[in-house]
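If you're wondering where the values come from, they're calculated on a predicted model, not measured in any experiment. Only this structure's heavy atoms are used, side chains among them; waters, hydrogens and symmetry mates stay out.
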Amino acid sequence: FYALLAGIGCGHQGILLAPTEALARQHFETAQHWLRGSRVRAALLIGGSPKSARSAASRGELDLVIGTHALL
């Protein structure tokens, strides 16, 4: 997670790929807790995510995207 934040701090987008939807949700909830009060824009991207979330991630509008194979 610290490596992701270092990359985000340098202006890059961070992606965390989890093997299951349940694990992706857990990682996202933990990240939300850790990032509370920060300016990092994070989102959860799973198979059932709306197209708007996918579009925001692909346009680079999000700093951190956590999800499953839907990221690919």
[atom1]/[X] to [atom2]/[Y] distance, rounded to the nearest 0.5 angstrom?
X     : Y     : atom1 : atom2 : answer
Leu64 : Ile15 : CG    : CD1   : 8.0 Å
Thr68 : Leu23 : OG1   : CG    : 10.5 Å
Leu72 : Leu17 : CG    : CG    : 5.5 Å

Gln13 side chain to Ala57 backbone, donor-acceptor under 3.5 Å
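Indeed, once roles are kept as given, a pair shorter than 3.5 Å links the two residues.
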Is the side chain of Ser38 donor-acceptor paired with the backbone N or O of Leu35 at a distance under 3.5 Å, no angle test?
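Between the backbone of Leu35 and the side chain of Ser38 there is a qualifying donor-acceptor contact (under 3.5 Å).
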Where is the tightest heavy-atom contact between [X] and [Y], given as atom of each residue plus distance?
X     : Y     : value
Gly14 : Leu4  : CA-CD2, 3.8 Å
Ala70 : Gly47 : CB-N, 3.8 Å
Leu62 : Ala43 : CD1-CB, 3.5 Å

If hydrophobic clusters are built by linking Ile, Leu, Val, Met, Phe, Trp and Tyr wherever their side-chain heavy atoms come under 4.5 Å apart, do Leu5 and Leu44 end up in the same one?
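In one cluster with Leu5: Leu44, yes.
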With clusters defined by side-chain heavy atoms of hydrophobic residues (ILVMFWY) lying less than 4.5 Å apart, directly or transitively, does Leu45 cluster with Phe28?
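No, Phe28 does not connect to Leu45 through the hydrophobic network.
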Hey, could you give me each pair passing ring pair (Phe, Tyr, Trp, His ring centres under 6.0 Å) that has a residue in residues 30-52? Not counting sequence neighbours.
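For residues 30-52, and leaving out neighbouring residues, the ring pair (Phe, Tyr, Trp, His ring centres under 6.0 Å) pairs sorted by first residue read Phe1-Trp34.
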Using side-chain heavy atoms (C-beta onward) and a distance below 4.5 Å, is Val65 in contact with Leu16?
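Sidechains of Leu16 and Val65: no contact.
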Sequence neighbours excluded - salt bridge (charged side-chain N to carboxylate O under 4.0 Å, His left out) pairs with any residue from residues 39-54:
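Of all non-adjacent pairs touching residues 39-54, those that pass salt bridge (charged side-chain N to carboxylate O under 4.0 Å, His left out) are Arg41-Asp63.
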Do the side chains of Arg25 and Glu21 get close enough for a salt bridge, i.e. N-O under 4.0 angstrom?
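Yes, charged N to carboxylate O under 4.0 Å.
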